[in-house]
Amino acid sequence: MSEQDRNQPPHGTPDTGEIQIPLADLIRIRRQKIETLAGQGINPYPYRYERTHQIKDLLAQFDSLAESGTTVRLAGRIMLKRKMGKAAFADIRDASERIQIYVKIDNVGQQAFDLFDLLDIGDIIGCEGTLFITRTGERTLKVQTFELLSKSLHPLPDKHAGLTDVEIRYRRRYADLIVNPEVRELFARRTRIIQIVRDFLNSHGFLEVETPILQPLYGGASARPFKTHHNTLDIPMYMRIADELYLKRLIVGGYDKVWELCKDFRNEGMDRKHNPEFTMIELYWAYADYHDMAGFYEDLIRHTVHKLHGSYKVKFGDHEIDFEPKFRWLTMIDSVKEATGIDFTDLTLELAKVEAKKLHIELDGLFNRGQVIEAVWEAKVEPKLIQPTFIADYPVEISPLAKKNRKDPRFVERFELFIAGQEMGNAFSELNDPVDQLDRFLQSGKALAAGDEEAHPLDDDFITALTYGMPPTAGLGFGIDRLVMLLTGQESIRDVIFFPQMKETKDGSVPVSKILAQIVEEEKK
RNA sequence: GGGGGUGUAGCUCAGUGGUAGAGCACCUGCCUUUUAAGCAGGGAGUCGAAGGUUCGAUCCCUUCCACCCUCACCA
């Protein structure tokens, strides 16, 4: 941060007491309308409104309701207003749908009609009336009475162009949601996806549980944590980075199948695919191995796609993903052999490096055979994994949490699922030997002491749990945000998280709260 | 962190070395089935921030900030 930057006040604006920006004038005008209303004894923020229908239901039953002349009551936000002398139309939108209302001076009377004139786009109103169809064929509510339910002070974005500035869309998601119905639909689909997965897990005997988010010790993944402090206990505490260690404790405790929808926090970089706070699902299944888990996960994904889309095909970017055929299962070694013609199984580190170099792989910072194989795999295989593909049996050096492969101890029993070039899940035959686990903690502890901030700290209690005995167990974790991105065609994680983390802005703009406070001061004079 | 791009009215965007424009929104008037309603008139801007060059900067230069793309890093 530069010297001049530091010298800027937090919000940049000199406190002159005078706010002369156009937005302030727009808000002033609306405040004056409120004063006019108050003069007539009208509360601009009343307490409730009795609705008879949501707009969607109104439209569904439109013909019979119109024919019978039934009086209906609806409520929503004014999205458009078209006034024409002694009559006016407005578009009202509630959570479900949009409908047009017709306010005519003959129907509501002079006083109410003048009142309608004081309403702005953005205001929330309730109205009562009957249904009819206009000359141009639009289904419409003929208003008999209406009521202001909440006054909007801030103008809405352009009625036609909407809100496209992605930064404002993320920072003021409410504005995005108001004017972009497709965004509301997208987030509803996120909820739907989680619901489908939840139903699937519950119906297969997995118990949904809750474990600590605020932890005295973090673990279960290689990541830097958020650190905080508990005042009463006077101890450091951490936001969880993964659920793994607590869920395994529950397997020790005797549950067969557990899962959790986990909010995890990682104190790392932010980009199109990473938000500091994100959502995963982790599940643990006793007496099963990673083959069992792969079959189950494949069923879960296929079921979710079909339930959501009614088909097994999903478009993502330029690709169409087909979830119907059995997912491919390839060992990492075989996938590399397929892509490059080279079999790394029995190559020494030196020979592996020679082969990797021929493929123009960057080898700086790679110290063991597993890392070299992974580097080749990442460069030559991963980006090509468009259709759902399990990659299995990772080198032991790069997989410290998984059991060694029963056929070849140089590899582990682990798979990751790849779809559209993205990782969509990570699973192991879980390590349950407390001695082995302790050893890996100790190794990791050395790395931590040596400055590797992502290394795992020793969790004494978790080792204690393992000494009681944990059954053979398969575990799986997958990112919900990534899954939602895939199934909704979004390419940025910020588009599937309501309130993504943003940097603090220092653009010198005046906060609306300050404008409002100033206007209220002016009104007192 | 490197490279590229963007930042002008509440919103969507033009534009220029001589202190800024359009559409929507807003205000006024007309208009009783309109629908991106229409017609007429009007108001509104620290041109992301700070420095510099210049008689003069929104424009040129430097630095900074935020966002987007991309590479790297990290998972």
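Numbered from 1 within each chain, the chains take letters A, B, ... in sequence-line order. Note that the structure is predicted; figures quoted are calculated from it, not measured.
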Query raised in the report: Is it true that atom CD of A:E67 has more than 12 heavy atoms of other residues, nucleotides or ligands lying nearer than 6.0 Å?
Result: no
Query - Position toward the 5' end of RNA chain B (nearest nucleotide), A:K104 or A:G162 - result: A:G162
**Report entry** Ring geometry between A:F441 and A:F462 (parallel below 30°, tilted from 30 to 60°, perpendicular above 60°)
**Finding:** perpendicular
**Report entry** Sugar-phosphate only, base, or nothing, as touched by A:L163 at under 4.0 Å among non-hydrogen atoms
**Finding:** sugar-phosphate
Query - Proximity to the side chain of A:I105 - top-ranked nucleotide from B:G10, B:U32, B:U33 - result: B:U32
Query - Separation of the C1' atoms in B:G42 and B:A9, to the nearest angstrom - result: 15 Å
Query raised in the report: Contact class for A:R482 (heavy atom, under 4.0 Å): base, sugar-phosphate, or nothing?
Result: nothing
Query raised in the report: With a cut-off of under 6.0 Å to the ring centre and 45° to the axis, is A:R173 in cation-pi contact with A:F498?
Result: no
Query raised in the report: Hey, does A:F265 have a side-chain heavy atom less than 4.5 Å from the side chain of A:P225?
Result: no
Report task. Calculate, to the nearest 0.5 Å, the distance between atoms OG and CZ belonging to A:S96 and A:R184 respectively. Result -> 8.5 Å
Query raised in the report: Quick one: on RNA chain B, does A:S492 or A:G85 contact a more 5' nucleotide (nearest heavy atom)?
Result: A:G85
Query raised in the report: Once you round it to whole Å, what is the distance between C1' of B:C68 and NE2 of A:H274?
Result: 18 Å
Query raised in the report: Given the P atoms of B:G15 and B:A22, what is the spacing between them in whole Å?
Result: 15 Å
Query raised in the report: Would the A:W377 and A:F418 ring centres measure less than 6.0 Å apart?
Result: yes
Query raised in the report: Quick one: is B:U70 close enough that its OP1 or OP2 comes under 4.0 Å of any side-chain N or O from A:R272?
Result: yes
Report task. Assign A:K273 to base, sugar-phosphate, or nothing according to its heavy-atom contacts below 4.0 angstrom with the strands shown. Result -> nothing
Requested in this report: Return yes if a side-chain donor-acceptor contact under 3.5 Å exists between A:R190 and A:Q490, otherwise no.
Outcome: no
Report task. For A:E182, look at atom CD and say whether over 12 heavy atoms of other residues, nucleotides or ligands are found less than 6.0 Å away. Result -> yes
Query raised in the report: Base, sugar-phosphate alone, or nothing: which one does A:E138 contact when heavy atoms must sit under 4.0 Å apart?
Result: base
Report task. State which of B:U33, B:C67, B:C11 makes the closest approach to the side chain of A:P157. Result -> B:C11
Query raised in the report: If the C1' atom of B:G23 is compared with that of B:A14, how far apart are they to the nearest Å?
Result: 11 Å
Query raised in the report: Distance check: side-chain N/O of A:R494 vs OP1/OP2 of B:C68, anything under 4.0 Å?
Result: yes
Query raised in the report: With sugar-phosphate meaning primed atoms plus P, OP1 and OP2, does A:K503 contact a base, only sugar-phosphate, or nothing at under 4.0 Å between heavy atoms?
Result: sugar-phosphate
Requested in this report: Take the protein atom CZ of A:R139 and the nucleotide atom P of B:U35, then report the distance between them rounded to whole Å.
Outcome: 19 Å
Report task. Would you kindly give the OH-to-C1' distance between A:Y170 and B:C67, to the nearest whole Å? Result -> 10 Å
**Report entry** Pairwise C1' distance for B:A66 and B:G48, with rounding to whole Å
**Finding:** 8 Å
Query raised in the report: So what does A:I168 touch, heavy atoms closer than 4.0 Å: a base, only the sugar-phosphate, or nothing?
Result: sugar-phosphate
**Report entry** Check: A:Y394 ring centroid to A:F411 ring centroid under 6.0 Å
**Finding:** no
Query raised in the report: To the nearest Å, how far apart are A:R171 CZ and B:A66 C1'?
Result: 6 Å
Query raised in the report: Within this structure, what is the CG-to-P distance between A:D176 and B:U12, rounded to whole angstrom?
Result: 11 Å
Dump every N/O contact between nucleotides 25-28 of chain B and the protein below 3.5 Å, one line per pair.
from: B:A25; atom 1: OP1; to: A:K159; atom 2: NZ; distance (Å): 2.5
from: B:C27; atom 1: OP1; to: A:K33; atom 2: NZ; distance (Å): 2.5

Query raised in the report: On a whole-Å scale, what distance lies between the C1' atoms belonging to B:G45 and B:C13?
Result: 15 Å
Report summary line: Quick note, A:M502 side chain, CB onward, closest among B:C67, B:U12, B:C31 is B:C67
Requested in this report: Looking only at side-chain atoms of A:T164, point me to the closest of B:U12, B:A36, B:U32.
Outcome: B:U12
Query - Nearest-Å distance once atom P is located in both B:U46 and B:C71 - result: 38 Å
Query raised in the report: So what does A:D91 touch, heavy atoms closer than 4.0 Å: a base, only the sugar-phosphate, or nothing?
Result: nothing
Query raised in the report: Within the structure, does a side-chain N or O atom of A:R82 lie under 4.0 Å from either OP1 or OP2 of B:A37?
Result: yes
Query - Structure string for RNA chain B in dot-bracket form, Watson-Crick and G-U at under 3.5 Å, | interchain - result: (((((((..((((....[..)))).(((((.......))))).....(((((..]....))))))))))))....
Query raised in the report: Base, sugar-phosphate, or nothing: which does A:R224 touch, judged by heavy atoms less than 4.0 Å apart?
Result: nothing
Query raised in the report: Checking A:K142 against A:F132: charged group under 6.0 Å from the ring centre and within 45 degrees of the axis?
Result: yes
Query raised in the report: Atom CD of A:E268 and atom C1' of B:G1: how far apart are they, to the nearest Å?
Result: 16 Å
Query raised in the report: What is the distance, rounded to the nearest whole Å, between atom CG of A:L141 and atom C1' of B:U34?
Result: 15 Å
Query raised in the report: Does a distance-only test, which skips hydrogens and angles, find a donor-acceptor pair under 3.5 Å between the side chain of A:R135 and the base of B:U33?
Result: no
Query - Same-atom distance (P) from B:C73 to B:A57, integer angstrom - result: 46 Å
Query raised in the report: Within 45° of the axis and under 6.0 Å from the centre of the six-membered ring of A:F428, does NZ or CZ of A:R414 qualify?
Result: no
Query - Between B:G3 and B:U63 - P atom distance, rounded Å - result: 11 Å
Query raised in the report: Once you round it to whole Å, what is the distance between P of B:U35 and CG of A:L80?
Result: 12 Å
Query raised in the report: Ring centres of A:F478 and A:Y297 under 6.0 Å apart?
Result: yes
Requested in this report: Could you tell me whether A:F116 and A:F146 have their ring centroids closer than 6.0 angstrom?
Outcome: yes
Query raised in the report: Is there a donor on the side chain of A:T134 or the base of B:U34 sitting less than 3.5 Å from an acceptor on the other?
Result: yes
